Structure formats: C-alpha cells, structure tokens
Amino acid sequence: MVRELPMGPATREAYGAALVELGKSNPNVVVVDADLSKSTYTTKFGKEFPDRFFNVGIAEANMVGIAGGLAHSGKIPFCSSFACFLIDKGYDQLRIAVAYPRENVKVVSSHGGISIGEDGPSQQSIEDVALAVTLPGFVVCVPSDAAQARDLVKRAADHKGPVYIRTGRPKVPTIYTGGEFPFGKSRQLEDGKDLTIVANGLMVAEALKAHDALKDDGITARVIDSYCVKPLDAEAIERASRETGALVVAEEHSRIGGLGSIVAQCLAATTPAPLEQVAVDDTYAESGTPQQLLEKYGLTWKHIVAAARKVLGRKARPSTPPTAGKAEENEPHPFEV
Amino acid sequence: MPLTVDELKAKAVQVRRDSIEMITAAGSGHPGGSLSETDLLVALWFRVLRHDSKNPQWAARDRFILSKGHGCPALYSCMAHAGYFDPAILPTLRKLGSPLQGHPDRRFIPALEASTGSLGNGLSIGIGIAHALKLDKTDARVWVMVGDGECQEGQVWEAAMYAGAHGLDNLTLIVDYNKKQLDDMVKHILPMDPLGGKFAAMNWNVMEIDGHNMQLVVEALEESRKVKGRPTCIVAHTITGKGVSFMENDPKWHGVAPTKEECAKALAEIGA
C-alpha cells in the first residue's frame, strides 16, 4: 500500500509567507517582480512593504538588472516571476548583473515544471534548473514542500551570494513539519539496501510512494530528497551508490541538464552504478490538468517503480568489458532504451 | 579640486593618448568608441562626479557605469589619473593577470560599479542602484553611459520606460552618440533617430549637446543634477575616433587595434 500524504500549500505560497517574515526582520530585504506578483505570491510583501517592492512591469531583463543594482548597493533583492520567463528572458542579465559580479541576488521562480497544467508549454519550465546550475557561483534549490521552501527562502536571505529557488504552482503533499535544510546537503527520508531513489520538488512525494510499492514486493529503496541541486550533496549520493548499487533520479525537469545529469556526473567521477531517470523527455508537453500531464509525461510513483525495476535488472546483470576482439553482440548496451 | 575647462581639455589629450597606446600594446580593443566618449568621461571624472579615490566605497559617492563596456580604455585611463590605480599598469590592458580586463570587471577593480560588456545591461543596474540610494536617503547620483548602437538592445527601452515612469531624478544617462557600430554606420544597420525624442516620450528630461565641446559637456552634466521629478538623458553628439583624422567617422576603427606605425601617427595628431 502506498502512503497517503496530507496536502499542504504550494511552495510558492510558502515563499510569499516567508518573504513577509523576512521583510519584518530585515529592512534590507527588497522584492522585484514582473507583473506576476499575484502568482508568485510576492504581492503580500508588496502590500506590507510598498517602499521596498518594485513591480517593473512585463520586462524580465530589466527586472534582473535592477535586482543586480539593488544588491550592489547592499540590499537583498528577491527577484520573482515564472521560472521560464525569469531564467530564460533574464539569462544575460543573470550572467552580467548577478553571477559574474557575484551580486547577492535571490532568484525565486514560481511555476516550475509541467505541473502548472492548462496554460501549456509556453509557461511550463523544464529547462530552468539546467540553465541556473551553469551560472558560476549560484546555489540552486528545488524544494519539495512548503516547510522546506520556507526554510530555504530564509536561508537564501542569510547566504552571501546568488541563489536560485524553484517553486511550483500546485498545492503539494506535506513531507516535513519543519527542520533545517542547509545548502549542499540532502535529506534521507527512507533507508533501503536494494536501490536509492534521488528526487526533488514534487517528485519527492512520488518517491516515497514508490518506496512503499516496492516494499510490498520485498524491494527496499533508500529515498533521498536532493533539494539542493548545486552544490550537490555528493557525499550522500556516493554513499548511496556504494551501499545500494543502483539509482533512480526523479525530477520535474528535462532529463538533460537537471538533477539526473548532475547525479550521473557525480557518480561517473566517483562510484559509478546503474542509473535510471524519471524526468521529462527531450520534448515539450501540452495543456491538461497537472495530474494528467504528470501521468502522460511519466512523472508519477508508478513511473519510478518501473524505473526501479529496470535499474535493478541492470544491477543484477552488470556489464562486463568485452574480451579483446570479441564483442558481446547479444548484450544490449545499457543506454539503448 | 575640480578642473577648469582648459585643464579638462588637457586631461582629455592625455586620456586619448593613453587609449591609443593601451590598445596598440594590447593588440586588440576598441579605439573608435574610446576616443568618442573621452571628453564626456573626462568631464565626469575630473569635474562632475562626487568621488574619492582614497575611499572608493564611500557611501555618498556618485556611481558611474560604463554600459558600453568596450570603451573601457578611456575609463581606465581616467580612473588611473584620478588616483584609483597606478597609471603605470595601463599598458597591461587585456593581458593575463591584469586588473584591466578587456571589458570592465568588478572582480578585479571593485571601484567599478558594474561589470559590463554585454550591451544593454548598464541602465537597469543603474536603476537598481538609484532605487537603493533613494531608500537609503542619500543624494548621491547615478550616471550611466551607453552607446547609440547599444540602444538597439531591447533592455535599454525596458529600462528607459521604467526610469521615466518612476521619475528617477537621481539618474543621468549619457548617450555617446557617435553614429557608428561594429558592422557599419548606425543609420545603415538600424537607424535610431530621433533618439532624444524617444527618451522624451518616456518622460525623460532630454538635452542634446556637442559631446566634444567641453564647456557644454560640463554645463549639461551639472545641469542634470538640478532636474527634479525626471531622469535626464544627455544625447552627446560625438565623432568615432575623435582626434585622429584617419580614425574619425570610419566604422573600421570600432574594434581594430592600430599598428605601431598607426599608433605613432595617431599620437602625433592628438598632441601632448
């Protein structure tokens, strides 16, 4: 039986509430938004602290540049829009006005992933994590629930340097009641010996359900919430690889360039093990309800279970190097799917 | 001590010489725009800006951003002669390990208010700084210089609309209107006229001046400090390669270094 998790607020709502708390405790916290403040939930901060809230209109490039200038002058700007508009339209400015001069800007997007639903692919961000992690010096986080989002937002304000936090549109299951989520770390939610499921964002709840389903079949899975994509908790990932020997990485993002790529890169350099990804294929999605899209594009606990079975098959049948001059013709290459 | 107009003119000769020598030594760089902006930069750094090279992080200092970052040789020369670093390092422009990077880089020179080089970024950064200065209730001013070709970037107009709408009167934008860009004359690539009219339509106070008339440059810059309720845009009509006859008005000199022979000829024209 897979567990039922109580539904909690969306991570974007947690962001809005945390911002108001930050505004009260730190007069240097300012917010810039690009006409999506009702959706990103920065509007609460704007009402409470109008002098420290700058709605720049529909002009993301200018918004990110303004955030860089505010940070340059000692403010702690939180800069928000939908993930695809904020990162994609503001990318040159994230390079030139934030990452390159190492300005203390906090970039917090909403509407990450395909779970925004009906608005369709122009608003669905499946590339933002990949784009954010390549900006030198950026910390990149994808919180899985409201409590974690709140802690990460507060942590971002205390951190000296640029941070990207991706929040989501839909309400998400509650995983934590509180707790500390330091940058560069992860949280192990279940232990197991057969494989490890590494997930972030709304795929963490799915990973826990997959854990339960696998357990019913006698398979024990370790579950790691890798809420900090960069810096990755490499120590926990390497240990998981060493101790369980197989991994599934689940994320609501393109399978290229996100958590799966970074975990694979980490393991290739340290403790290689069979790895399967549960992610959005190299394609754009479509309109639909969030649940319909998550099912159609392969982002549910059932997909994690299928990936787990596949990776366990590869683990049981480790590929051996072909003997000289004699290729193993009948052995499928592990990456030919 | 702020310099007199005659002293500023003499300083501009020095800065033009430095730019040509630096770019020649580097073997690459942008002489055309460095020479066109020189009189504007000299007026700012030696007369108009409130700054103190002994205290580069002074909270009440004016902030200057060279958004057209490729014009940095002239900026480096001004800052060196204003005491921010030893003029002896000017010949290290663009060389490995030098703080004088190919485009302005705050990591190497913290007194630079922005790292630039990707065109279109400076005005937005300046707006952020202008907002922060107002929040901090200081009367320091933000000065941003852009090129006319740079104004083809959409971000410039996002920022222009915003600054005008918000009446950011602690902000002066200076357009080095030299009418050349890398590939050709601006009017042949994407005409910008009427440039001042565009800013005026966005609630900017606009002044159009001869950017090589030092008296007028000083007056316009100082006048902009007094304008309330609106940001000021100074459209400074300039000449690419100003001071070197074979560089003037020739887009070829946007981004090509002179040879040693051309350098000697240029220095002879600029004078001493």
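In the text below, chain A, chain B and the rest are named by the order of the sequence lines, each starting its count at 1. The structure displayed is predicted, hence computed values, not measured ones.
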Engineer: Please indicate whether Ile89(B) has more than 12 foreign heavy atoms, meaning atoms of other residues, nucleotides or ligands, lying under 6.0 Å from its CD1.
Structural biologist: yes
Engineer: Could you look at Pro104(B) and say if it's the side chain, the backbone, both or neither that has a heavy atom under 4.5 Å from chain A?
Structural biologist: backbone
Engineer: May I ask you to test the Val30(A)-Leu135(B) pair for a side-chain heavy-atom distance under 4.5 Å?
Structural biologist: yes
Engineer: What are the atom names and distances for all donor-acceptor pairs below 3.5 Å between chain A and chain B?
Structural biologist:
{"unit_1": "Asn62(A)", "atom_1": "N", "unit_2": "Glu158(B)", "atom_2": "OE1", "d": "2.8"}
{"unit_1": "Asn62(A)", "atom_1": "OD1", "unit_2": "Ser124(B)", "atom_2": "OG", "d": "2.6"}
{"unit_1": "His72(A)", "atom_1": "ND1", "unit_2": "Arg106(B)", "atom_2": "NH1", "d": "3.1"}
{"unit_1": "His72(A)", "atom_1": "ND1", "unit_2": "Glu113(B)", "atom_2": "O", "d": "3.4"}
{"unit_1": "His72(A)", "atom_1": "NE2", "unit_2": "Glu113(B)", "atom_2": "OE1", "d": "2.6"}
{"unit_1": "Lys75(A)", "atom_1": "NZ", "unit_2": "Asp136(B)", "atom_2": "OD1", "d": "2.5"}
{"unit_1": "Asp92(A)", "atom_1": "OD1", "unit_2": "Ser118(B)", "atom_2": "OG", "d": "2.8"}
{"unit_1": "Asp92(A)", "atom_1": "OD2", "unit_2": "Ser118(B)", "atom_2": "OG", "d": "2.8"}
{"unit_1": "Asp92(A)", "atom_1": "OD2", "unit_2": "Asn121(B)", "atom_2": "ND2", "d": "3.0"}
{"unit_1": "Gln93(A)", "atom_1": "NE2", "unit_2": "Gln155(B)", "atom_2": "OE1", "d": "2.7"}
{"unit_1": "Tyr100(A)", "atom_1": "OH", "unit_2": "Asp105(B)", "atom_2": "OD2", "d": "3.1"}
{"unit_1": "Glu103(A)", "atom_1": "OE2", "unit_2": "Arg106(B)", "atom_2": "NH1", "d": "2.6"}

Engineer: Does Phe108(B) CZ have over 12 foreign heavy atoms under 6.0 Å away?
Structural biologist: yes
Engineer: Can you list every salt bridge (charged side-chain N to carboxylate O under 4.0 Å, His left out) pair that touches residues 121-134 of chain A, not counting sequence neighbours?
Structural biologist: Asp128(A)-Arg166(A)
Engineer: Counting only heavy atoms not in Lys154(A), do more than 12 fall under 6.0 Å of its NZ?
Structural biologist: yes
Engineer: Does Gln265(A) have more than 12 heavy atoms from other residues, nucleotides or ligands lying within 6.0 Å of its CD?
Structural biologist: no
